[in-house]
There are 2 protein chains.
Amino acid sequence: MYELIRRKNMAEQIKPTESELEILNILWDKGPSTVRDVHEVLEQSKDAGYTTTLKLMQIMYEKKLLKRDATTKSHVYTANVSQEKTQGQLVKKFIDSVFNGSASQLVMQALGNHKTNKKELDEIRKYLEEMEKRSK
Amino acid sequence: MYELIRRKNMAEQIKPTESELEILNILWDKGPSTVRDVHEVLEQSKDAGYTTTLKLMQIMYEKKLLKRDATTKSHVYTANVSQEKTQGQLVKKFIDSVFNGSASQLVMQALGNHKTNKKELDEIRKYLEEMEKRSK
DNA sequence: TTGTGTTTACGAAAATATTCGTAGGTTTGT
DNA sequence: ACAAACCTACGAATATTTTCGTAAACACAA
């Protein structure tokens with residue numbers, strides 16, 4: 001007989017859908033918000049009803065992507081996953097599926113096609129130097 | 001009365017789904033292949049039936065993501081979109097939806113989380129120098 | 001010829017993601 | 001108190017993506 005073991009440190013897969021990611025982005029940007037707050041931002045870029053946003057956020061709550069405070073009349077939602085960690089996972093998955101695991105290929109593609117401006121390039125160069133220093 | 005104008009230079013959106021991208025990757029790697037060829041590679045990493053692969057490739061053909069030579073008994077398929085262009089579009093979309101348009105943020109996230117090795121870092125540094133030279 | 005194996009085409013089921021209508025509760029202003 | 005405005009919950013319709021069963025055509029060997 002077998003038994004499923006649930007490991008504590010099993011890195012949890014954060015897998016927001018397209019729409020869910022839009023909402024996470026808003027919450028990361030604005031901090032704790034009501035459904036209406038989020039919906040007002042979303043409305044600017046897409047055209048969906050209020051209850052659609054509500055439903056999405058409820059689903060995300062069930063999936064533990066969001067926390068919420070339900071003591072107030074209008075529930076206040078907060079992201080329950082960190083932006084860094086989520087971005088990290090998304091980038092990893094993206095690199096695997098699009099660039100067969102090669103981060104440097106992604107980097108060069110990103111730098112090449114996007115007319116990255118001087119300031120951004122400087123940041124990156126500084127960052128590279130930092131990495132090199134640390135690895136010595 | 002209105003009339004839809006189809007512009008010649010309207011950059012066509014290449015929007016493969018997850019599964020379609022897997023198939024494109026195989027075709028870019030192996031070159032022209034039959035459904036069976038593709039399916040044998042696919043089988044190694046996932047578990048799906050032959051007709052599933054077939055159907056996917058037929059759909060991709062309808063969408064013009066693939067070309068095919070149907071003169072032979074086993075049709076031979078080829079990618080009909082370039083790897084570079086497709087990757088470019090995917091990266092752009094990814095940067096927009098995950099990093100709010102900032103390529104440098106993506107780059108730093110990619111370099112930071114992925115223990116990129118020395119060789120890769122060197123490539124990137126060289127690439128940056130090239131860019132700088134050209135922009136002078 | 002007949003059977004075995006391989007192929008394409010096609011429709012539809014299954015799985016997943018998105019959207020929205022409606023019901024019922026709470027708050028607010030008059 | 002009453003109506004208008006706003007909120008949540010929830011089921012279900014839509015849309016999209018993935019999977020597969022089945023039929024028909026063809027090749028090849030016995």
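In what follows, every chain begins at residue 1, and chains take the letters A, B, ... in the order their sequences are listed. FYI, side chains are in, hydrogens and waters are out, and symmetry mates aren't considered; it's all heavy atoms of this structure.
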Please give, in whole Å, the distance from [N] [atom2] to [X] [atom1]?
X        : N       : atom1 : atom2 : value
Ile59(B) : dA12(C) : CD1   : C1'   : 12 Å
Glu22(A) : dA17(C) : CD    : C1'   : 13 Å
Gln58(B) : dT19(D) : CD    : C1'   : 13 Å
Met57(B) : dT18(D) : CE    : C1'   : 16 Å
Leu56(A) : dT16(C) : CG    : P     : 17 Å
Leu54(A) : dC20(C) : CG    : C1'   : 11 Å

**Among dA12(C), dA9(C), dA9(D), the one nearest Lys55(B) by side-chain distance** = dA12(C)
**Member of Leu106(B), Ile124(B), Leu128(B) meeting the side chain to side chain contact (heavy atoms under 4.5 Å, CB included) criterion with Val107(A)** = Ile124(B)
Under 3.5 Å, which donor-acceptor pairs link side chains of residues 60-72 of chain B to any protein atom two or more places apart or in another chain?
residue, atom, partner, partner atom, Å
Lys63(B), NZ, Glu20(B), OE1, 3.3
Lys63(B), NZ, Glu20(B), OE2, 2.8
Arg68(B), NH1, Tyr77(B), OH, 3.0
Asp69(B), OD1, Thr71(B), N, 2.9
Asp69(B), OD1, Thr71(B), OG1, 2.6
Asp69(B), OD2, Thr71(B), OG1, 3.4
Thr72(B), OG1, Ser74(B), O, 2.9

**Request:** Quick one: label Thr52(B) by what it contacts on the DNA or RNA (base, sugar-phosphate, nothing), any heavy atom closer than 4.0 Å.
**Result:** base
For residues 40-57 of chain B, tabulate all N or O donor-acceptor pairs below 3.5 Å that involve a side-chain atom, not counting sequence neighbours.
residue, atom, partner, partner atom, Å
Ser45(B), OG, Leu42(B), O, 3.2
Lys46(B), NZ, Glu22(B), OE1, 3.3

**Prompt:** Which residue, Glu20(A) or His75(B), contacts DNA chain C at a nucleotide closer to its 5' end, judged by nearest heavy atom?
**Reply:** His75(B)
How close do [X] and [Y] get, counting heavy atoms only, and between which atoms?
X         : Y         : result
Ser82(A)  : Thr86(A)  : O-OG1, 2.7 Å
Ile95(A)  : Ser102(A) : CG2-N, 3.6 Å
Ala103(B) : Ala110(A) : CB-O, 4.3 Å
Tyr127(B) : Met108(A) : OH-O, 3.5 Å

**Prompt:** Listed in order of residue number, which residues of residues 36-51 of chain A have a non-hydrogen atom at under 4.0 Å from DNA chain C?
**Reply:** Lys46(A), Ala48(A), Gly49(A), Thr51(A)
**Under 4.0 Å protein heavy-atom contacts per nucleotide of nucleotides 25-30 of chain D, with B for base, S for backbone only and - for none** = ------
Check: residues 24-34 of chain A side-chain donor-acceptor pairs under 3.5 Å, at least two apart:
residue, atom, partner, partner atom, Å
Asn25(A), ND2, Leu21(A), O, 3.4
Asn25(A), ND2, Ser97(B), O, 2.8
Trp28(A), NE1, Val81(A), O, 3.1
Ser33(A), OG, Gly31(A), O, 2.6
Thr34(A), OG1, Arg36(A), N, 3.4
Thr34(A), OG1, Asp37(A), N, 3.1
Thr34(A), OG1, Asp37(A), OD1, 3.4
Thr34(A), OG1, Asp37(A), OD2, 3.1

**Message:** Test salt bridge (charged side-chain N to carboxylate O under 4.0 Å, His left out) on Lys126(A) and Asp122(A); report intermediate values, then the result.
**Reply:** CA-CA 6 Å; Lys126(A) 211 182 298 170; Asp122(A) 279 343; over 6 Å; no
Review item, nucleotides 15-17 of chain D N/O atoms under 3.5 Å of protein N/O:
none

**Request:** Side-chain contact test, heavy atoms from C-beta onward, threshold under 4.5 Å: evaluate it for His75(A) versus Gln58(A) and give yes or no.
**Result:** no
**Prompt:** What's the verdict on side-chain contact (heavy atoms from CB on, under 4.5 Å) for Lys133(A) and Glu130(A), showing C-alpha distance, side-chain angles and the deciding distance?
**Reply:** CA-CA 5 Å; Lys133(A) 240 182 260 172; Glu130(A) 269 308 309; 3.7 Å; yes
